[in-house]
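First comes the structure, then the notes that go with it.
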Amino acid sequence: MALPGTIKNPQNLCNSLKPICKHLLFARNISNIPSDESTVANDLISIFTKQPFSPENPELQSLAGMLNTGVVETALKGFRSWKAAHKFFIWASNQWAFRHNVYTYNAMASVLSRARQNAPLRALTAEVVNSRCSMSPGALGFLVRCLGSVGMVDEANALFDEVRKKGLCVHNDYSYNCLLEAVSRSGRVDLVEMRLKEMRDQGWEYDKYTLTPVLKVYCNAGRFDKALDAFNEIFDRGWADAHVLSVLVLSFCKWGEVDKAFELVETMEDRDVRLNEKTFCVLIHGFVKESRVDKALQLFHKMQQSGFVPDVSLYDVLIGGLCMNKEHEKALCLYSEMKNLKVKPDIGVISKLISSFSEGGEGELTRLLEEIYDDIGVEDKVLVYNSFLNSLVNTGSIGKACQLLSAMMGIGLDEDVEINKFFRDKEMVAPNANSFTTVINGLLKANKLDLALSLFVEMAQFGCKQELQLYNNIIDGLCNSNRLEESYKLLRQMEESGFEPTQFSHNCIFGCLCRKKDVSGAIDMIKKMRVYGHEPWIKHSTLLVKELCKNGKTLEACKFLADMVQEGFRPDIIAYSACLDGLVKNGEIDAAFKLFQDISALGFCPDVLAHNIMIKGLCKAQRIAEARHLFNEMETKGLVPSVITYNLLIDGFCKNGQIDEAMLYLSSMFGKEKEPNVITYTTLINGLCNAGRPDDAILLWDKMVEKKCDPSRVAFMAFIHGLCKCGRPNSALVHFHEMEKRKMEPDSFVYVALVSAFLADLNFVSAYEILKEMVDKEKLPDPHDKNYTIVRVAVSKLSENAQTSSSITSLIRQGSLPTILYSDNRDDITSFRIKLESFHTPGLADAGCAAVALLYFLRQSFFGTVRRPVRILCQEICSGGSKVELKMGRQQLE
DNA sequence: TTAGGGTTAG
């Protein structure tokens, strides 16, 4: 069917196959096409491209008679759109006097594969086989490569066998090579190995183009050793070239073996095999991405030595890498080199340098600018200023950023600001929207909301457009400062400017309303959000629920959640859990239980955490049997109780006087490999002590230590307190010292427990020592604390004991026991005098002590009510002969 | 250039 002069099987020309490349070649040279064929083809293209297309077009009908495979092949190559080409191809198929040959099929296949149209390509392949058109190995190879290039490996493989089976093609080494090339892309090692064996069995020799796909398939499949074997074979046979080297080097990089890749490049270089330009570029990018700028630079120099001239994008990536590594000077050197080589730096390179040098402070940045400023085109100058503003903002110099921006706006420069010296001789550049945005965002971050707002207004006056994101950021700033009205106003302004609020804008305001506990406002906002299809963020709803519950408004919290459901937003289990917890904390266990059941009705399955809250509530309400029931139910629901679940239940049993039951749950934890934590042990140790079983508590403490569970401060305090309660102050003291050794500070009640326990044991000296330590460490309880009375009694006892009374007196003299001394609010002088005497201050003769006592007395909040008695006291002190203290007393008094 | 929110011991 081919016309005279048409090359019958052009693909054969490729049989020596230059590297099988992605670009599929057509061997039909345009100059070989007879001019009348070319005219017909062009006319056809024009008709099929014009809209509307009509098959009835009389011109088309006359051209139909002139169809031949040459015309069709030429026309197919001339279409710009694959769709039009395909339409023409189908039309041609339907012309009674025309029949496609392998070259028209291949022309269509090429168009479809380039357009990545797999479905019509698959149909075309089937048609080729069905039409029984014969083909040379080269033509088959071409079609196979079309299929391979779009990943249709199975189709290529099947086609290969079918054409052989139907006798349409006799394979040769070239057709095998094409098939291997197609399969190698897929990483299907088995298939490649099978075809390779088949090829050898049929007596075909391997060549470079056989082994290169083999190398590729091993690389793609990550088969490191096999890939190396293939490469070595290629190398030994003297076939290694830039392409083969690139395949392996790029794979090394993909596997993260950057150093190996580099070694390979060096070894091959010694043997005169060098990378091609593209591979150099890919590798340099890859090395920088892997933070191996050193290797990237070495490659870069090799690339230059190989005679390639790097373009601006390579300088950009290298300078970027150096900047990232904080190698500012090297980056600047590369920049100079680039300029010397007449490669024009672009704003990307310049921005990288600026942001890198800005980390070194303003001095460094100025030094850089002096070097590069003249290289920057007028239109890019504002970008430099913006980079500068950005760096000032990022380094916290927001004030300087504002000054520079003012200068840009023509408001003037501050003489004292060092950074501005550079800009002083320069012609100022007017700011753009980005300049304002940078500074406003910086001001917002620095909590200078009012400045940000005024700049936002000025920005518009300056003719710069306020973008949506900036509106959002300012609304966010206002909401974070609880300036709700202004944020509403800005939201309206934003809408008037033609911006539709985003989910973020609405949620800023919703969050603010929730923080303010404004339930109706929050619901109104939810309604508005529903109109826009925005989802209220659950963190805000949860916060509102928590805040309401904290203030005892559990009913409102429940209603809020119900209203949300009403508005079509179903809160999640977390918001409900917060509400459950609020109810439980408020003692509303029945309401909590009802909500717990309602949650399930809403389609949630309460999780472990929600169960924990309920178990806590039930235990708190002493409904321990129900708590245990809920615990058992968890397992039937497929929930695995957490350590916290166990801890809560164990605590419930302890508090309910069922310590043995609690211990059973501890055993069950070990059985279920649920490791108890320090809270489990602390709860039980506390429970055992409360049950009067200090020896068991000690055993459990030892077990905890043995299990490498580190006791916490709370654990120590509970244990010491418990031992004291059980009358074991000496054991308690050992742990008290251990606690101090670990730099853990005990709370006041621990000291009190020890003092009381030692006193009960009649060990006055030890009791005094602990009391003294409590005083020295300022751990005396607050007068409103119930322990306060205990200390008072203790002091009283110690002051009456011969071993400790003088030490107590001296503590009083030092003024270390202030509030103890004046522990009641009686304002009569008699009561005061009695107190003094009770601490072995003989009458008022020891005026020094009395005066000190007086000063502390004055510090008490009931000063106003004791003015008269104090005045009398002062006189008495005076008659006792202590004038200094008296003066002080008077100063305080008057 | 837009998460993290709910539960345990003295």
Side-chain angles (χ1 to χ4, degrees), chain A residues 390 393-394 434 437-438 440-442 444-445 467-470 472-473 475-476 479-480 502-508 511 514 535-547 549 557 561 571-585 592 595-596 599 604 606-617 619-620 641-652 654-655 662 676-690 697 704 709 711-725 732 735 739 744 746-750 752-753 787:
Chain A
N390 203 30
V393 165
N394 288 340
N434 284 343
T437 303
T438 301
I440 291 172
N441 283 335
L444 288 172
K445 218 186 278 173
E467 292 297 338
L468 177 129
Q469 203 159 29
L470 192 57
N472 272 353
N473 289 348
I475 290 175
D476 188 34
C479 287
N480 287 335
T502 65
Q503 181 150 297
F504 183 78
S505 346
H506 282 142
N507 267 300
C508 289
C514 288
E535 188 91 14
W537 287 347
I538 209 74
K539 68 168 177 180
H540 297 318
S541 320
T542 306
L543 180 76
L544 177 55
V545 167
K546 276 178 72 180
E547 287 297 314
C549 289
L561 291 178
D572 65 4
I573 189 67
I574 296 180
Y576 280 113
S577 297
C579 196
L580 284 177
D581 192 51
L583 287 164
V584 159
K585 281 197 177 122
L595 182 61
F596 187 72
I599 293 170
F604 286 116
D607 59 5
V608 171
L609 222 140
H611 279 79
N612 289 350
I613 294 168
M614 290 310 299
I615 287 173
K616 177 180 72 169
C619 289
K620 194 179 155 199
S642 66
V643 174
I644 296 181
T645 322
Y646 278 96
N647 291 352
L648 287 164
L649 198 60
I650 285 173
D651 196 39
C654 287
K655 300 263 161 61
N677 63 15
V678 67
I679 297 180
T680 323
Y681 288 110
T682 307
T683 307
L684 281 162
I685 286 166
N686 186 47
L688 285 166
C689 290
N690 282 337
M704 170 175 75
C709 174
S712 63
R713 181 173 162 271
V714 173
F716 268 110
M717 293 196 295
F719 191 35
I720 295 165
H721 184 250
L723 287 171
C724 288
K725 273 210 299 199
H735 291 96
M739 193 179 174
M744 290 173 176
D747 281 349
S748 170
F749 79 96
V750 178
V752 176
N787 284 320

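The model shown is predicted, which means the values in this text are computed figures rather than measured ones.
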A/Trp537, nearest nucleotide to its side chain (from B/dT7, B/dA3, B/dG6)
B/dA3
Is any side-chain heavy atom of A/Lys655 closer than 4.5 Å to a side-chain heavy atom of A/Lys620?
no
Output the single nucleotide from B/dG10, B/dT2, B/dA9 whose closest atom is nearest the side chain of A/Gln469.
B/dT2
Check this for me: does the side-chain of A/Thr680 come within 3.5 Å of the base of B/dA9 through a donor and an acceptor?
no
Nearest-angstrom distance from the residue atom NZ of A/Lys620 to C1' of B/dA9
16 Å
Which is true for A/Leu684 with a 4.0 Å heavy-atom rule: it touches a base, it touches only sugar-phosphate, or it touches nothing?
nothing
To the side chain of A/Ala610, which of B/dG6, B/dT7, B/dA9 is closest?
B/dG6
Looking only at B/dT2, B/dG10, B/dA9, the nucleotide nearest the A/Phe504 side chain is B/dT2
In terms of side-chain heavy atoms of A/Ile613, which of B/dG10, B/dT8, B/dT7 is nearest?
B/dT7
From NZ of A/Lys655 over to P of B/dT8, roughly how many Å is that when rounded to an integer?
12 Å
Using whole Å, what does the distance between atom C1' of nucleotide B/dG4 and atom NZ of A/Lys546 come to?
11 Å
Could you tell me whether A/Asp747 contacts a base, only the sugar-phosphate backbone, or nothing, with contacts defined as non-hydrogen atoms closer than 4.0 Å?
base
Would you indicate which nucleotide in B/dT8, B/dG10, B/dT2 comes nearest to any side-chain atom of A/Phe749?
B/dG10
Whole-Å distance separating the CD1 atom of A/Ile650 from the P atom of B/dG10:
13 Å
Please verify the inter-ring angle class for A/His735 with A/Phe716; under 30° counts as parallel, over 60° as perpendicular, anything in between as tilted.
tilted
When rounded to whole Å, the NE2 to P distance for the pair A/His506 and B/dT2 reads 19 Å
Check this for me, if you would: do A/Arg713 and A/Asp747 make a salt bridge, where the nitrogen-to-carboxylate-oxygen distance has to be below 4.0 angstrom?
yes
How many whole angstroms separate atom CG of A/Leu649 from atom C1' of B/dT7?
14 Å
As a test of reading the structure: which of B/dA9, B/dG4, B/dT8 is closest to the side chain of A/Thr682, going by heavy atoms?
B/dA9
Under 3.5 Å, is there an N or O donor on one side and an acceptor on the other linking the side chain of A/Asp572 and the base of B/dG6?
no
Any Lys/Arg nitrogen of A/Lys616 or A/Asp651 sitting under 4.0 Å from an Asp/Glu carboxylate oxygen of the other?
no
Side-chain donor or acceptor of A/Asn612 under 3.5 Å from a matching atom on the base of B/dG6?
no
What is the distance from CD1 of A/Ile475 to P of B/dT2, rounded to the nearest Å?
16 Å
Which heavy atom of A/Ala732 sits nearest to which heavy atom of A/Cys724, and what is that distance?
CB-SG, 3.7 Å
Checking A/Asp476, A/Asn472, A/Asn473 against A/Ser505 for side chain to side chain donor-acceptor pair (under 3.5 Å), the one that qualifies is A/Asn472
Heavy atoms under 4.0 Å, any strand shown: does A/Asp476 hit a base, just sugar-phosphate, or nothing?
nothing
Quick check on B/dT7: is either OP1 or OP2 less than 4.0 Å from any side-chain nitrogen or oxygen of A/Lys616?
no
With sugar-phosphate meaning primed atoms plus P, OP1 and OP2, does A/Thr645 contact a base, only sugar-phosphate, or nothing at under 4.0 Å between heavy atoms?
nothing
Checking all strands, does A/Leu609 fall into the base, sugar-phosphate, or nothing category for heavy-atom contacts under 4.0 angstrom?
base
From CG of A/Asn686 over to P of B/dT8, roughly how many Å is that when rounded to an integer?
16 Å
